[in-house]
Number of protein chains: 2
Amino acid sequence: MHMSKTTQTSQAQIIKSLSAIQSEVESINRIALSVDCVIFGFDENKLKVLLIRSDLKKFQGKWSLLGDLVDPDEELDAAASRILKQRTGLDNVYMEQVKTFGCLNRHPAGRVVTVVYYSLINIQNHKLKILDNELHWHDVSEIEDLAFDHKQILDCSYEQLQRRVQEHPLAFSLLPKKFSLRELQNVYEAILNVKMDRRNFRKKFFAMDFLVDIDEMEQDVPHRPGKLYNFNYNKYEKKKKKWVGIDF
Amino acid sequence: MHMSKTTQTSQAQIIKSLSAIQSEVESINRIALSVDCVIFGFDENKLKVLLIRSDLKKFQGKWSLLGDLVDPDEELDAAASRILKQRTGLDNVYMEQVKTFGCLNRHPAGRVVTVVYYSLINIQNHKLKILDNELHWHDVSEIEDLAFDHKQILDCSYEQLQRRVQEHPLAFSLLPKKFSLRELQNVYEAILNVKMDRRNFRKKFFAMDFLVDIDEMEQDVPHRPGKLYNFNYNKYEKKKKKWVGIDF
DNA sequence: CATTTAATGTGTAAAATTAACACATTATTG
DNA sequence: CAATAATGTGTTAATTTTACACATTAAATG
C-alpha cells in the first residue's frame with residue numbers, strides 16, 4: 001500500500017487529535033445529573049405522593065419518583081418544572097429543593113447524581129389529567145419501598161416538608177383556593193401526623209389574619225356546612241418576621 | 001497531493017469515528033460537578049468563614065469558597081471531607097449539605113453545578129495549620145462580595161446555620177472541648193446576631209442537662225474566671241424529641 | 001315534619017414557657 | 001488595697017400553649 005508522506009503526517013495528526021480528544025473527554029470529569037420530583041398531594045384526608053412504575057428490569061414492579069436527566073444547558077429549577085409540567089400539566093407550582101443524592105451505586109446504569117425537589121399540588125385541579133396509568137397517587141404513610149434510593153429520598157423530603165410546614169404557610173398549596181378550616185386542619189394533621197385541638201387551631205389561624213372570609217359555605221356535605229376561606233399571601237408577607245431562640 | 005483509495009477510506013473511517021465520538025460525547029449529557037465548602041469558625045467573638053483568594057483572572061483580587069470538582073467515583077460527602085482535609089488538615093468535622101447551585105452562568109469556564117456543604121470547626125485547633133497565605137478567616141458580617149456566586153452561597157449557608165443552630169446543639173462544634181458558658185453564649189449571639197439575657201441563657205442550658213461541669217476554671221482571663229464545661233452528646237441523644245406546632 | 005346525625009362554631013381557666021430585671025462575688029490589675 | 005470587669009444566682013410579670021364542653025346548624029332519615 002502506497003501512502004504519501006503528507007498523508008502519513010495527516011493521519012498521525014488525526015491520531016494525535018483523537019488521543020487528545022480522548023484524554024480531554026476523560027479529564028472533563030463530568031457526571032450524569034438528574035432531577036427527581038417528590039410531588040405531594042392531599043386527598044381523602046391523607047398526604048399522597050405521585051409515583052410512576054419503574055421502567056427498569058432491575059426494579060420491575062416497583063414504583064419510583066418522577067425524574068429525568070438535566071440538560072447541560074438547563075437550569076436545575078427549570079428541569080424540576082419541566083418534569084412536573086410533563087407529568088401533571090401543571091405550571092406555577094410551589095417547589096423547593098430538598099437535597100442532592102450522589103451515592104455511587106444508587107443507579108444501576110452508573111453514576112447519576114440527583115437533585116431532589118418536592119412540590120405541593122392541589123390534587124383536585126388535575127385529577128382528570130392523570131391519564132397515564134403508569135402514574136398513581138400513593139398514601140405517603142403506606143409506602144414501604146421504592147426503586148433506586150427513592151424511599152430514602154421520599155423520607156428525607158417528607159421530613160423537610162414537616163419542618164417547613166410548621167414555619168411557613170405551605171399547606172394552602174395542597175388545597176383548593178376556597179377551603180374550610182376543617183380541611184386546613186386535616187392537612188396539618190395529615191402532614192404532621194398528630195391530632196390538634198379544633199378551637200386552638202382556629203384561634204391560631206384567625207390571630208394571624210391572612211385567612212379571608214369569602215362569605216361562602218361548603219356545599220354537598222352531609223352535615224352543617226363550614227365557612228369557606230381564601231389565603232391572602234400579601235398579608236402573610238407583611239407580617240412575617242424571624243423568631244430567634246433556642247429550642248432543642 | 002496524491003492519496004491512495006485505501007488511505008481515503010481509512011480517513012473516511014476516522015472522520016466517521018470522530019463524529020461518532022462527538023455525538024457520543026454530546027449524548028452523555030454529563031455535567032461538571034463540584035463541591036464547595038463553607039467553613040465556619042468562631043474567634044474574637046465573631047463568626048468567621050475560611051476563604052481563599054480566587055485564582056481566576058476574571059475574579060482577580062476576590063475571595064472565594066473552598067471547592068473542587070467531584071471525581072466520578074467519589075461520594076459527595078467524601079469530596080467535601082477531602083476538600084476540608086486538604087485545606088485545614090481536619091478530619092471528623094461536623095458537616096451538612098446545604099443546597100445545590102446550578103445557574104448556567106455561575107462559572108466562567110462553562111456549566112458547573114456545585115453541591116454546597118457547610119462545616120463547623122474549632123479555630124484554635126488549627127490556627128497553626130493555616131500556613132497557606134492564600135487562605136484567610138473573614139468576619140461573616142463584613143463580607144461584601146465574593147467570586148462566582150459565592151456570596152449568594154454564603155448567605156444561603158449562613159441562613160441555614162442560623163436555623164439549625166436553634167434546633168440542634170451545633171454550637172459546641174465551634175468551641176474547644178472545654179468552654180465557659182460565656183463563650184457558649186457568645187457563639188449564639190454571634191451566629192444569631194442578637195443579645196441574650198445571661199441568666200435566662202444559663203437557665204435554659206442547665207435545664208437540658210447535657211453540660212458537664214468538669215470542675216475547672218478559665219485561665220488567664222483578666223477578671224473573675226468562669227467555670228468550664230464539656231458537652232455530653234449522649235445525653236442530648238436521649239432527650240431529643242420532635243416538637244410539633246405551627247409558628248409563622 | 002319531627003327526629004336524628006354529624007359536623008361547625010365559640011370562651012375561659014390552668015399550665016408552661018419566656019422575658020425582664022439587680023446585686024453580691026471573685027480573681028486580676030494597677 | 002482600691003478599682004475593674006467579669007461571673008453567678010432567683011423571682012415576678014407577661015405571654016403562649018394547652019385543655020376542655022355545649023349550643024348551633026344543615027342534611028338525612030323515617
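Residue numbers start from 1 in every chain, and the chains themselves are labelled A, B, ... in the order their sequence lines are given, proteins ahead of strands. If you're wondering where the values come from, they're calculated on a predicted model, not measured in any experiment.
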Enquirer: Any base atoms under 4.0 Å from Lys203(B), or only sugar-phosphate, or nothing? Heavy atoms, all strands.
Expert: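 Result for Lys203(B) = base.
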Enquirer: CG of Leu184(B) versus P of dG8(D): gap in Å, rounded?
Expert: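 So the two atoms are 13 Å apart, to the nearest Å.
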Enquirer: Is the Lys NZ or Arg CZ of Lys177(B) less than 6.0 Å from the centre of Phe179(B)'s six-membered ring, within 45° of the axis?
Expert: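 No, Lys177(B) does not lie over the aromatic ring of Phe179(B).
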Enquirer: If you define the side chain from C-beta out and look only at heavy atoms, does anything of Tyr117(A) sit under 4.5 Å from Val98(A)?
Expert: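 Side-chain contact under 4.5 Å: no.
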Enquirer: So, Lys48(A) and Asp43(A), do they make that salt bridge, N to O below 4.0 Å?
Expert: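 Between Asp43(A) and Lys48(A) there is no salt bridge, as every charged N stays at least 4.0 Å from the carboxylate O atoms.
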Enquirer: dG8(D) phosphate, OP1 or OP2: any side-chain N/O from Arg202(B) under 4.0 angstrom?
Expert: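 True: Arg202(B) side-chain N/O within range (under 4.0 Å) of dG8(D) OP1/OP2.
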Enquirer: Select one nucleotide: of dA28(D), dT25(C), dG9(C), the one nearest the side-chain heavy atoms of Pro222(A).
Expert: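 Looking only at side-chain atoms, Pro222(A) lies closest to dA28(D).
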Enquirer: How many Å lie between CZ on Phe179(A) and P on dT8(C), as a whole number?
Expert: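 Going from CZ in Phe179(A) over to P in dT8(C) covers 15 Å.
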Enquirer: Report the nucleotide, chosen from dT8(C), dA28(D), dT7(D), that has the shortest atom-to-atom distance to any side-chain atom of His223(B).
Expert: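 Nearest nucleotide to the side chain: dT7(D).
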Enquirer: Counting N and O atoms only, with roles assigned by atom type, does the side chain of His150(B) sit under 3.5 Å from a partner on the main chain of Ser64(B), one being a donor and the other an acceptor?
Expert: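 No; judged by distance alone, with no hydrogens or angles, the pair does not exist.
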Enquirer: Mapping Tyr229(B) and Asp247(B) to their closest nucleotides on DNA chain D, which lands nearer the 5' end?
Expert: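 Here Tyr229(B) is the residue nearer the 5' end.
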Enquirer: Rounded to whole Å, please give me the gap between CZ in Arg199(B) and P in dT12(D).
Expert: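 Arg199(B) atom CZ is separated from dT12(D) atom P by 13 Å.
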Enquirer: Does a side-chain N or O of Lys204(A) approach OP1 or OP2 of dT17(D) to a distance below 4.0 Å, or not?
Expert: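 Indeed, a polar side-chain atom of Lys204(A) lies that close.
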Enquirer: Any side-chain heavy atom of Phe42(A) sitting closer than 4.5 Å to one from Ile191(A)?
Expert: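 No; the side chains remain at least 4.5 Å from each other.
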Enquirer: What is the distance, to the nearest angstrom, from the CZ atom on Arg198(B) to the C1' atom on dA5(D)?
Expert: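 Atom CZ in Arg198(B) sits about 11 Å away from atom C1' in dA5(D).
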Enquirer: Report the distance from atom CD of Glu218(A) to atom P of dT8(C), rounded to the nearest whole Å.
Expert: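 In whole Å, dT8(C) P lies 7 Å from Glu218(A) CD.
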Enquirer: Round to the nearest Å and state the distance from Met217(B) atom CE to dA5(D) atom P.
Expert: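 These atoms are roughly 20 Å apart.
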Enquirer: Given atom CG of Leu211(A) and atom C1' of dG9(C), what is their separation to the nearest angstrom?
Expert: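 For the pair Leu211(A) CG and dG9(C) C1', the rounded distance is 15 Å.
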Enquirer: Can you tell me how far P of dT17(C) sits from CZ of Phe201(B), to the nearest Å?
Expert: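 Rounded to whole Å, this separation is 19 Å.
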Enquirer: Counting only side-chain heavy atoms from C-beta out, which of dT8(C), dT7(D), dA27(C) sits nearest to Arg224(B)?
Expert: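 Shortest atom-to-atom distance from the side chain points to dT7(D).
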Enquirer: Which nucleotide, dG11(C), dA20(C), dT25(D), lies nearest any side-chain atom of Asn200(A)?
Expert: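 For the Asn200(A) side chain, the nearest candidate turns out to be dG11(C).
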Enquirer: Taking any heavy-atom pair under 4.0 Å as a contact, classify Arg182(A): base, sugar-phosphate, or nothing.
Expert: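 Sugar-phosphate: the residue Arg182(A), judged by heavy atoms under 4.0 Å, touches backbone atoms but no base.
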